[in-house]
Amino acid sequence: MVCTTCRSKIKNDSCPFDRSPIAYTRNRVIEKLLESVKSVSCKNAEYGCNEMLGYLEKNDHEKACKHSPCSCPLSGCDFLGSSSQLYQHFRAQHQNSSVLFRYDQDFSIRLDAKNDKFLVLLEGRDDNILFVLHNATSNQQQNGLSISCISSSREARNEYKISVSFGSNNVSTLTFRSAISSSKKQLDNLPKLGFPLVPWLLDATDGRLNLKICIFKDRLPHWLR
């Protein structure tokens with residue numbers, strides 16, 4: 001008798017001990033027994049998860065576990081921890097490499113579009129989530145701005161707004177709005193090219209952009225509601 005995980009690893013559908021054929025038949029009595037015994041710890045126990053699970057619950061729990069490890073976005077730092085641990089680590093060790101903001105309030109950033117590949121944004125009320133402003137480049141050598149968050153299991157539930165001012169005395173403005181995506185690493189599942197910064201706009205601002213950003217809490221764009 002083997003579990004489904006081990007069953008899929010058996011070659012030629014034969015027992016590795018006596019080479020007799022192996023059939024696939026569910027043993028519901030054993031399934032019920034395993035479901036009733038909460039004796040398996042989550043693989044993220046070292047990152048703060050104290051859940052004791054039934055054998056059949058383990059995989060589903062670990063896929064959504066809020067303690068799944070996230071990595072520090074700064075190169076040269078190998079910190080790994082849950083999203084809340086990562087937030088505390090960043091505030092303690094790298095706060096000078098971040099921009100503080102408050103939900104639902106505009107904040108300003110001056111971005112070097114040619115050299116600033118990303119900026120870390122820290123919510124100032126200990127929300128335990130790191131946000132990242134990405135400055136990506138497409139195959140057409142066109143820059144694009146987007147925002148994501150680094151989170152263990154969090155689904156996107158924020159809308160963001162980016163405005164770029166340009167022209168004489170920055171009197172002209174372009175605005176882009178979208179939903180925030182999440183990942184466990186800064187470069188994992190990077191958002192698609194967001195706010196397109198066409199070449200004439202970069203030329204008009206000499207590549208240094210005056211941005212006004214707002215991240216809305218618990219609010220999604222109307223097309224995702």
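Note that the structure is predicted; figures quoted are calculated from it, not measured.
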message = Closer than 3.5 angstrom, by distance alone: can the side chain of Lys63 be matched with the main-chain N or O of Lys58 as a donor-acceptor pair?
response = no
query = Quick check: does any side chain N or O of Glu159 sit under 3.5 Å from a backbone N or O of Arg177, one acting as donor and the other as acceptor?
reply = no
query = Do we see a donor-acceptor contact under 3.5 Å between the side chains of His67 and Ser152?
reply = no
task = Could you pull out all residues at least two apart from Asp116 that satisfy side chain to side chain donor-acceptor pair (under 3.5 Å)?
result = none
inquiry  = Please find the pair of heavy atoms, one from Asn44 and one from Glu62, that lie closest to each other, and give the distance.
reply    = ND2-O, 4.5 Å
request  = Kindly determine whether Phe79 and His89 satisfy ring pair (Phe, Tyr, Trp, His ring centres under 6.0 Å), including the steps that lead there.
outcome  = CA-CA 8 Å; Phe79 180 85; His89 158 79; 4.1 Å; yes
task = Quick one: list whatever passes side-chain contact (heavy atoms from CB on, under 4.5 Å) with Ile213, sequence neighbours left out.
result = Phe107, Ile109, Leu133, Ile147, Ile162, Leu211, Ile215
request  = Kindly compute the distance separating SG (Cys72) from NE2 (His94), expressed to the nearest 0.5 Å.
outcome  = 4.0 Å
inquiry  = Run the side chain to side chain contact (heavy atoms under 4.5 Å, CB included) test on Leu100 and Arg91 for me, step by step, so that the C-alpha distance in whole Å, both residues' side-chain angles and the decisive distance to 0.1 Å come before the verdict.
reply    = CA-CA 10 Å; Leu100 289 175; Arg91 290 209 71 159; 4.1 Å; yes
request  = Taking side chain to side chain donor-acceptor pair (under 3.5 Å) as the test, write out the residues that go with Lys43, two or more places apart.
outcome  = none
task = With the side chain counted from C-beta on, respond yes when Leu53 and Cys42 share a heavy-atom pair under 4.5 Å apart, and no when they do not.
result = yes
message = Measuring from atom SG of Cys214 to atom CG of Asp104, what distance do you get when rounded to the nearest 0.5 angstrom?
response = 6.0 Å
inquiry  = Asn115: which residues meet the side chain to side chain donor-acceptor pair (under 3.5 Å) condition with it, sequence neighbours left out?
reply    = Asp112
ask   = Is any side-chain heavy atom of Glu51 closer than 4.5 Å to a side-chain heavy atom of Cys65?
value = no
request  = Mark yes or no for whether Glu57, through its side chain, and Gly54, through its backbone, hold a donor-acceptor pair below 3.5 Å.
outcome  = yes
ask   = Would a 4.5 Å heavy-atom cut-off, applied to side chains only, mark Val120 and Phe90 as touching?
value = yes
query = Could you state the interatomic distance from OG (Ser75) to NZ (Lys117), rounded to the nearest 0.5 Å?
reply = 13.5 Å
Rounded distance (nearest 0.5 Å) linking atom OG of Ser97 with atom CD of Gln95 = 10.0 Å
task = Look at the side chain of Tyr87 and the backbone N and O of Glu123, then say whether any donor-acceptor pair between them is shorter than 3.5 Å.
result = yes
remark   = Shortest non-hydrogen pair, His61 vs Cys49, comes out as NE2-SG, 3.5 Å
inquiry  = As a quick check of understanding, evaluate side chain to side chain contact (heavy atoms under 4.5 Å, CB included) for Gln93 and Leu74, giving each step before the final call.
reply    = CA-CA 11 Å; Gln93 302 296 326; Leu74 296 188; over 6 Å; no
key: Asn158 side chain near Phe216 side chain, heavy-atom distance below 4.5 Å   = no
request  = With side chain to side chain contact (heavy atoms under 4.5 Å, CB included) as the test, would you mind laying out the steps for Leu119 and Val132 before giving the verdict?
outcome  = CA-CA 6 Å; Leu119 291 174; Val132 180; over 6 Å; no
task = State the OG-CD1 distance between Ser148 and Ile180, to the nearest 0.5 angstrom.
result = 8.0 Å
query = Partners of Ser84 by side chain to side chain donor-acceptor pair (under 3.5 Å), sequence neighbours excluded?
reply = Ser82
note = Here the gap from Asn210 atom CG to Arg110 atom CZ, rounded to the nearest 0.5 Å, amounts to 4.5 Å
inquiry  = Grouping I, L, V, M, F, W and Y whenever their side-chain heavy atoms are under 4.5 Å apart, do Phe101 and Leu209 come out in a common cluster?
reply    = yes
task = Evaluate side chain to side chain contact (heavy atoms under 4.5 Å, CB included) for Ile150 paired with Phe131, printing each intermediate quantity in order.
result = CA-CA 6 Å; Ile150 303 177; Phe131 293 88; over 6 Å; no
inquiry  = Side chains of Leu86 and Tyr47, heavy atoms from C-beta outward: is any pair under 4.5 Å?
reply    = no
key: Check against side-chain hydrogen bond (donor to acceptor under 3.5 Å, both in side chains), Ser163 and Thr175   = CA-CA 4 Å; Ser163 298; Thr175 300; 2.9 Å; yes
inquiry  = My understanding is that only residues two or more places apart in sequence, or in another chain, count here; which of them pass salt bridge (Lys or Arg N to Asp or Glu O under 4.0 Å) with Lys212?
reply    = none
